[in-house]
Amino acid sequence: MLDLKFIRENPELVKQGVTNKNEKDTVDEILGVDKVRREKLQRVEALKAERNKASQEVQQLKRAGENADEIIIRMRSVSDEIKALDDELRGIGDQLTELLSWVPNLPHESVPVGKSEGDNIESDKWLPEGFSFEKPEYVVDHLEIGTKLDILDFERGAKLSGSGFPVYKGKGATLERALINYMLDYHLQNHGYTEIMPPLLVNADSMRGTGQLPKMAEDMYHMEKDDLYAIPTAEVPITNLHRNEILNEEELTVKYCGYTQCFRREAGSYGKDSKGFLRTHQFNKVEMVKFAKPETSYDELEALVADATDILKALNIPYRILTLCTGDLSFSAAKCYDIETWSPAENKWLEASSCSNFEDFQARRANIRFRNKETKKPEFVHTLNGSGLATSRLMVSILENYQTAEGTIIVPEPLRKYTGFDVIG
RNA sequence: GGAGGGGUGGCAGAGUGGUUGAAUGCGGCGGUCUUGAAAACCGUUGAGUCUUGAUCGGCUCCGGGGGUUCGAAUCCCUCCCCCUCCGCCA
């Protein structure tokens with residue numbers, strides 16, 4: 001959520017940012033409603049001040065044993081007027097909140113202006129020694145090798161749940177689990193994160209807090225009976241851990257890291273990159289979340305990207321980093337880097353991680369603050385998160401980049417102590 | 001699913017319908033004392049919002065919503081959440 005006062009004082013800036021993000025510009029509508037609201041607010045508050053004063057007088061008169069009927073009768077009508085105005089204000093307030101909840105975060109000034117993913121900028125690239133974009137003859141895509149080695153079973157997954165629900169089998173399941181454990185341990189031991197294992201079902205307040213609601217409602221699984229949502233990312237429960245809390249400045253930066261399964265309906269994206277792991281309804285992800293002081297949040301963002309790419313380097317997987325342009329930024333993000341890994345079989349880069357700074361956008365929605373040591377006043381924290389990383393996309397990279405001419409998969413060295421085997425097939 | 005108890009400031013915990021934004025304790029901050037620290041003592045310490053250039057000031061907030069009243073943390077209705085016990089189950 002943007003600060004209403006900020007919108008009021010910088011309408012042109014907000015309009016520009018919203019337009020650059022390809023979102024609807026409702027600034028004038030918001031300012032109009034806001035103006036009406038403030039006028040009525042001032043009126044009702046003046047009436048309330050009058051009422052409060054009169055109530056004191058009634059008390060004093062009664063104590064003195066005098067008659068207060070005149071005031072009481074007068075205040076009766078004032079109270080009615082207050083009630084009517086309050087009703088009106090509630091409606092206006094709801095309208096304003098609704099309008100504000102649809103306003104996206106503004107892009108940071110360092111974000112390139114652009115319309116779509118074609119305008120993203122490649123800001124870094126890392127290739128293992130001896131790597132070539134030339135695909136070896138024998139390399140087949142992850143679906144084919146996974147089926148052949150009997151480690152992935154999408155067909156039975158479809159029988160159980162529908163398409164997009166993968167089944168991992170045998171060494172495939174073990175490899176997946178190894179990846180998760182390896183990444184978690186890496187972040188805990190080398191990057192100073194604290195592990196969190198959160199609920200996978202959360203309430204609507206949590207979804208609003210991180211900005212999934214209202215915009216992404218159609219993309220989430222919703223349990224109607226209990227009004228709970230299946231999390232699309234661990235970002236939701238982990239960021240909301242501190243919803244409605246005031247943190248101590250000394251505690252910052254708070255760094256959490258957690259593994260969860262993630263659930264996405266992916267409504268409207270059928271047929272688009274939908275083969276095998278490229279787009280699934282359920283997948284595994286290790287997520288990193290930070291609560292930072294405003295002045296350090298952009299440094300923390302760079303560190304977050306480094307934390308994620310450390311893993312790819314250790315696994316020897318080619319990757320590149322994209323700085324997303326304004327048009328490709330998500331609703332809540334002020335700045336975002338995508339990390340993409342190379343898929344030889346698809347002959348393209350696949351997104352394996354997204355690292356974002358939300359500045360105070362989520363914090364304002366979720367009311368996450370810290371007490372400024374100097375001013376002693378609470379201020380909104382900056383929240384950040386990044387995948388570290390999504391295993392399904394990593395699995396594609398491993399199954400393709402570690403394929404041998406014999407049709408086997410070499411287990412990346414760092415994962416071996418977790419898998420207990422060196423080769424699949 | 002059944003029965004009961006409870007939701008008050010960072011925490012614990014009082015609160016007769018009328019200077020209660022809220023006693024008290026702890027914690028935090030500042031100070032006295034001390035070589036320094038602890039202890040002790042003194043003082044101080046909620047958030048949001050409107051108005052203003054900034055103060056001053058106004059208003060709101062005792063789980064959420066509604067009601068009664070001139071006036072509600074306090075009375076009534078309703079919803080939510082938490083805890084304990086019983087039942088069922090992993």
Side-chain angles (χ1 to χ4, degrees), chain A residues 1-10 30-101 197-209 213 222-229 237 240-252 254 291 360 363-381:
Chain A
M1 193 123 69
L2 292 185
D3 184 10
L4 180 56
K5 208 182 284 177
F6 181 84
I7 299 176
R8 210 183 283 150
E9 287 163 5
N10 306 278
I30 287 171
L31 292 181
V33 175
D34 174 51
K35 186 154 179 276
V36 172
R37 185 182 149 270
R38 273 150 67 218
E39 284 164 4
K40 292 199 187 288
L41 192 64
Q42 283 173 44
R43 248 198 303 152
V44 78
E45 286 186 356
L47 290 174
K48 282 180 182 175
E50 184 185 346
R51 180 181 69 184
N52 288 345
K53 204 177 286 173
S55 294
Q56 296 295 323
E57 288 172 31
V58 169
Q59 184 193 176
Q60 279 159 15
L61 287 172
K62 289 204 166 174
R63 281 218 177 125
E66 289 174 41
N67 186 295
D69 289 354
E70 188 267 328
I71 299 178
I72 289 176
I73 287 164
R74 189 158 50 84
M75 282 305 115
R76 224 170 257 164
S77 71
V78 170
S79 266
D80 287 346
E81 199 178 341
I82 288 172
K83 198 174 289 177
L85 272 170
D86 267 344
D87 281 346
E88 221 181 323
L89 270 168
R90 200 171 306 119
I92 294 171
D94 289 348
Q95 191 189 351
L96 197 58
T97 306
E98 170 72 11
L99 279 168
L100 279 173
S101 73
M197 194 178 283
L200 305 183
L201 300 180
V202 301
N203 56 32
D205 281 343
S206 298
M207 284 299 185
R208 265 190 293 272
L213 284 178
H222 180 228
M223 327 286 145
E224 208 172 319
K225 261 188 188 168
D226 299 290
D227 196 18
L228 291 171
Y229 294 82
N240 276 283
L241 279 178
H242 293 301
R243 174 151 45 86
N244 291 328
E245 290 186 14
I246 300 174
L247 304 169
N248 286 322
E249 184 172 345
E250 302 86 65
E251 299 174 59
L252 301 177
V254 175
F291 302 82
D360 63 4
R364 184 169 274 113
R365 285 180 166 240
N367 193 27
I368 306 169
R369 296 174 293 177
F370 72 97
R371 192 166 296 281
N372 184 310
K373 215 159 169 10
E374 304 235 318
T375 64
K376 309 239 192 296
K377 291 286 172 194
E379 290 176 26
F380 290 112
V381 299

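Residue numbers begin at 1 in each chain, while the letters A, B, ... track the order of the sequences. This is a predicted model, so every value here is computed, not measured.
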Length of the [atom1]-[atom2] vector between [X] and [N], whole Å:
X      : N     : atom1 : atom2 : value
A:R369 : B:G46 : CZ    : P     : 14 Å
A:I368 : B:G48 : CD1   : P     : 15 Å
A:L47  : B:U51 : CG    : P     : 17 Å
A:K40  : B:C50 : NZ    : C1'   : 16 Å
A:K53  : B:G58 : NZ    : C1'   : 10 Å
A:F380 : B:A47 : CZ    : C1'   : 11 Å
A:D94  : B:G65 : CG    : P     : 11 Å
A:E39  : B:U49 : CD    : C1'   : 17 Å

Determine the Euclidean distance between corresponding [atom1] atoms of [M] and [N]; express it in Å to zero decimal places.
N     : M     : atom1 : result
B:C42 : B:G57 : C1'   : 31 Å
B:G10 : B:C75 : P     : 24 Å
B:A23 : B:G87 : C1'   : 43 Å
B:U34 : B:U44 : P     : 24 Å
B:U52 : B:G67 : C1'   : 37 Å
B:U8  : B:C62 : C1'   : 4 Å
B:C88 : B:C79 : C1'   : 27 Å
B:A12 : B:G1  : P     : 29 Å

Pairing nucleotide - [N], Watson-Crick or G-U, each distance under 3.5 Å:
N     : answer
B:A3  : B:U84
B:U19 : none
B:A54 : none
B:C11 : B:G25
B:U35 : none
B:A47 : B:U60

Between B:U49, B:G48, B:G58, which nucleotide gets closest to the side-chain atoms of A:L41?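 That would be B:U49.
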Tell me which nucleotide among B:G58, B:A47, B:U51 gets nearest to the side chain of A:Q42.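 When the side chain of A:Q42 is considered, B:U51 is the closest of B:G58, B:A47, B:U51.
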Answer yes or no: is there an ion pair linking [X] with [Y], defined by an N-O contact shorter than 4.0 Å?
X     : Y     : answer
A:D80 : A:K83 : no
A:E70 : A:R74 : yes
A:D86 : A:R90 : no
A:K35 : A:E39 : yes

What does [X] touch in the nucleic acid at a heavy-atom separation under 4.0 angstrom: a base, only the sugar-phosphate, or nothing?
X     : value
A:R43 : nothing
A:R90 : sugar-phosphate
A:R8  : sugar-phosphate

Establish, with yes or no, whether the OP1 or OP2 oxygen of B:A47 is under 4.0 angstrom from a side-chain nitrogen or oxygen of A:R371.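 The answer is yes; a side-chain N or O of A:R371 sits under 4.0 Å from OP1 or OP2.
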OP1 or OP2 of B:U51 sitting under 4.0 Å from any side-chain N/O of A:R38?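 Yes.
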Sub-4.5 Å side-chain heavy-atom contact between [X] and [Y]:
X      : Y      : value
A:D227 : A:H222 : yes
A:E66  : A:Q60  : no
A:N240 : A:V202 : no

Given RNA chain B, 5'-ward residue of the pair A:D87 and A:D3, judged by closest heavy atom: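 In this pair, the answer is A:D3.
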Could you go over nucleotides 69-73 of chain B and give all protein N or O partners under 3.5 Å, atom names and distances?
| unit_1 | atom_1 | unit_2 | atom_2 | d |
| --- | --- | --- | --- | --- |
| B:C70 | OP1 | A:R76 | NE | 3.0 |
| B:C70 | OP1 | A:R76 | NH2 | 2.7 |
| B:C70 | O3' | A:S79 | OG | 3.3 |
| B:C70 | N4 | A:K62 | NZ | 3.4 |
| B:G71 | OP1 | A:S79 | OG | 2.6 |
| B:G71 | O4' | A:S55 | OG | 3.1 |

ring-ring contact (aromatic ring centres under 6.0 Å, His included) partners for A:F370, two or more places apart: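 A:F370 satisfies ring-ring contact (aromatic ring centres under 6.0 Å, His included) with no residue once adjacent residues are dropped.
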Given A:V381 and A:V254, is the side chain to side chain contact (heavy atoms under 4.5 Å, CB included) satisfied, shown in steps? CA-CA 10 Å; A:V381 299; A:V254 175; over 6 Å; no
